[in-house]
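Below is one structure, written out as structure tokens, with a few remarks after it.
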2 protein chains.
Amino acid sequence: MDDELKLKSQVCFPVYALSREIVNVYRPILEEIDLTYPQYLVMMVLWENEPQKVNEIGDKLNLDNGTITPLLKRMAAKGLISRKRNTKDERVVEISLTESGKQLQTKAAEVPQKVVKAMGITPEDLMQLKDLVVKILNRAK
Amino acid sequence: MDDELKLKSQVCFPVYALSREIVNVYRPILEEIDLTYPQYLVMMVLWENEPQKVNEIGDKLNLDNGTITPLLKRMAAKGLISRKRNTKDERVVEISLTESGKQLQTKAAEVPQKVVKAMGITPEDLMQLKDLVVKILNRAK
DNA sequence: TAAAATAAAATCGCACACGATATAATAGCG
DNA sequence: CGCTATTATATCGTGTGCGATTTTATTTTA
């Protein structure tokens, strides 16, 4: 059989597997603060700067609006964020944090350390991985 | 704001983004042979060795049976694979390739080159990425 | 300025992904 | 030998992801 068609020789499969593994590591840790991984990413984007438009958030996370719209709606239903139409341009929806969403940041502060610990890998490997992945991501787009 | 809670300083987000980017690169290429990325992975597992039990396939792809069972059913509905209960042990379902599934391998032979080309990255970077990711994956589990 | 083009969100349909639970069959053990 | 534990799949519910289409609002252009 063509070696190229073997799972072991594929690069893409390990990346796909690692990505799911990462989400699985986050799951129990984020469950304690009632967030999923994509929801946590949205919160990080908003903790950094707010309000932001729906598409600004989607662009930062590389998420299509078929994904981001229902994601934000679930987060609004949980009371983490609020959605307001921009009065100047009625097409735009501005996403802000609620008081509850702001307060969650304190609890979330422990997440990164917990994740590194749960993954059981060295910060050096993590940094090397990040640099390489970012390099490839930039070239791939 | 705590630097650790910034998207840019997170390692996990680039991996998650790259994984989705990879699937997006595969999508149009696999569309030509009417496969999704997870379906393509299953085919690779079966082209290498056949028949295999449901869980053998799931273990190789790190997929839960809540994922793998419906995935295999969709593939059976497409006529790519067949599902037979093992007569010795009626709990086991053996997955085999149909004639159509076997023949697909020829068409799939071009997929790896097409993907490398579409991603626009060097084989060296790819290999380096793979080694690093595999190393981390092994430690993380 | 009215019609066409564009832009921002939302909606729809389908395919994962996974935890939790259910179901059925076999294995193991007293 | 029957009863319990285990094993292999299947099922269910929820939450992504994404392409395609739709809706509404704004901008451009003839």
Side-chain angles (χ1 to χ4, degrees), chain A residues 13 16-32 34-43 51-59 61-78 80-81 83-95, chain B residues 13 16-32 34-43 51-59 61-78 80-81 83-95:
Chain A
F13 172 64
Y16 161 79
L18 179 60
S19 174
R20 285 185 295 116
E21 179 62 21
I22 285 174
V23 174
N24 289 341
V25 167
Y26 272 95
R27 196 186 317 281
I29 295 167
L30 291 177
E31 216 158 59
E32 293 174 28
D34 191 32
L35 287 178
T36 65
Y37 185 63
Q39 288 170 11
Y40 172 63
L41 295 177
V42 170
M43 292 306 286
Q52 288 191 63
K53 299 173 188 173
V54 170
N55 275 349
E56 283 176 339
I57 300 172
D59 287 347
L61 301 180
N62 298 311
L63 289 172
D64 183 299
N65 55 24
T67 301
I68 201 77
T69 295
L71 177 55
L72 292 174
K73 284 200 167 177
R74 282 186 290 268
M75 293 176 72
K78 277 190 196 179
L80 293 172
I81 61 172
R83 307 153 50 77
K84 281 187 211 92
R85 287 276 165 187
N86 184 315
T87 44
K88 299 275 181 189
D89 185 342
E90 288 279 347
R91 291 172 303 183
V92 173
V93 172
E94 305 275 3
I95 306 295
Chain B
F13 172 64
Y16 162 78
L18 179 60
S19 175
R20 285 185 295 116
E21 179 62 22
I22 286 174
V23 173
N24 289 342
V25 167
Y26 272 94
R27 196 186 318 282
I29 295 168
L30 291 177
E31 217 158 60
E32 293 173 28
D34 191 31
L35 287 178
T36 65
Y37 185 64
Q39 288 170 12
Y40 172 64
L41 295 176
V42 170
M43 292 308 284
Q52 288 191 61
K53 301 175 188 174
V54 170
N55 273 350
E56 283 174 341
I57 300 172
D59 287 348
L61 302 180
N62 297 313
L63 289 172
D64 189 273
N65 55 23
T67 303
I68 201 77
T69 295
L71 178 55
L72 293 174
K73 286 200 168 179
R74 283 186 291 268
M75 294 176 72
K78 277 191 195 176
L80 294 171
I81 61 172
R83 306 153 50 78
K84 282 187 211 92
R85 287 275 166 190
N86 184 315
T87 45
K88 300 275 182 189
D89 184 343
E90 290 278 346
R91 290 172 304 184
V92 173
V93 173
E94 304 275 3
I95 306 295

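Every chain is numbered from 1, with letters handed out A, B, ... down the list of sequences.
Whole-Å rounding puts the A/Phe13 CZ to C/dA17 C1' distance at 14 Å. Counting to the nearest Å, the C1' atom of D/dT14 and the CG atom of A/Leu35 are 15 Å from each other. Following rounding to the nearest Å, A/Asn86 (CG) and C/dA10 (P) show an atom-to-atom distance of 13 Å. With rounding to whole Å, B/Arg83 atom CZ is found 16 Å from D/dA8 atom P. Separating the CG atom of A/Asn55 from the C1' atom of D/dA25 is a distance of 14 Å, rounded to the nearest angstrom. Remark: C1' of D/dG19 and CG of A/Leu63 are 14 Å apart, rounded to the nearest angstrom. In this structure, B/Lys88 atom NZ and C/dA27 atom C1' are separated by 17 Å, rounded to whole Å. Rounded to whole Å, the distance from CD1 on B/Ile22 to C1' on C/dC16 is 17 Å.
Within the 4.0 angstrom heavy-atom criterion, only backbone atoms of the sugar-phosphate kind lie near B/Leu71; the bases stay farther away.
For the ring-ring contact (aromatic ring centres under 6.0 Å, His included) test, residues two or more places apart in sequence or in another chain that qualify with A/Tyr26 are A/Tyr37, A/Tyr40. Not a single side chain to side chain donor-acceptor pair (under 3.5 Å) links B/Asp64 to another residue, sequence neighbours left out. Residues that satisfy the side chain to side chain donor-acceptor pair (under 3.5 Å) test with B/Arg83, not counting sequence neighbours, are absent from this structure. Scanning for side chain to side chain donor-acceptor pair (under 3.5 Å) contacts around B/Glu94 gives B/Asn86, with sequence neighbours left out. Applying the side chain to side chain donor-acceptor pair (under 3.5 Å) criterion to A/Asp34, with sequence neighbours excluded, gives no partner residue.
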Close N/O contacts between protein and nucleotides 11-14 of chain C (under 3.5 Å):
unit_1	atom_1	unit_2	atom_2	d
C/dT11	OP2	A/Lys73	NZ	2.6

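Remark on DNA chain C: of its neighbouring residues A/Val92 and A/Arg20, the 5'-side contact belongs to A/Val92, judged by nearest-heavy-atom nucleotide. Comparing B/Glu31 and A/Met75 by the nucleotide of DNA chain D that holds the closest heavy atom to each, the one mapping nearer the 5' end is A/Met75. Positionally, the nearest nucleotide of DNA chain D for A/Tyr37 lies more toward the 5' end than for the other of A/Tyr37 and A/Asp89. For the pair A/Asn24 and A/Arg91, nearest-nucleotide mapping onto DNA chain C gives the more 5' position to A/Arg91.
The side chain of A/Val93 has C/dA9 as its nearest neighbour among C/dC16, C/dA9, D/dA25.
Between A/Thr36 and D/dT16 there is a side-chain polar atom (N or O) within less than 4.0 angstrom of OP1 or OP2.
Within the 3.5 Å criterion, the main-chain N or O of A/Thr36 finds no donor-acceptor partner in the side chain of A/Arg27.
Across every non-hydrogen atom of B/Lys53 and B/Glu56, the tightest pair is N-OE1, 2.9 Å.
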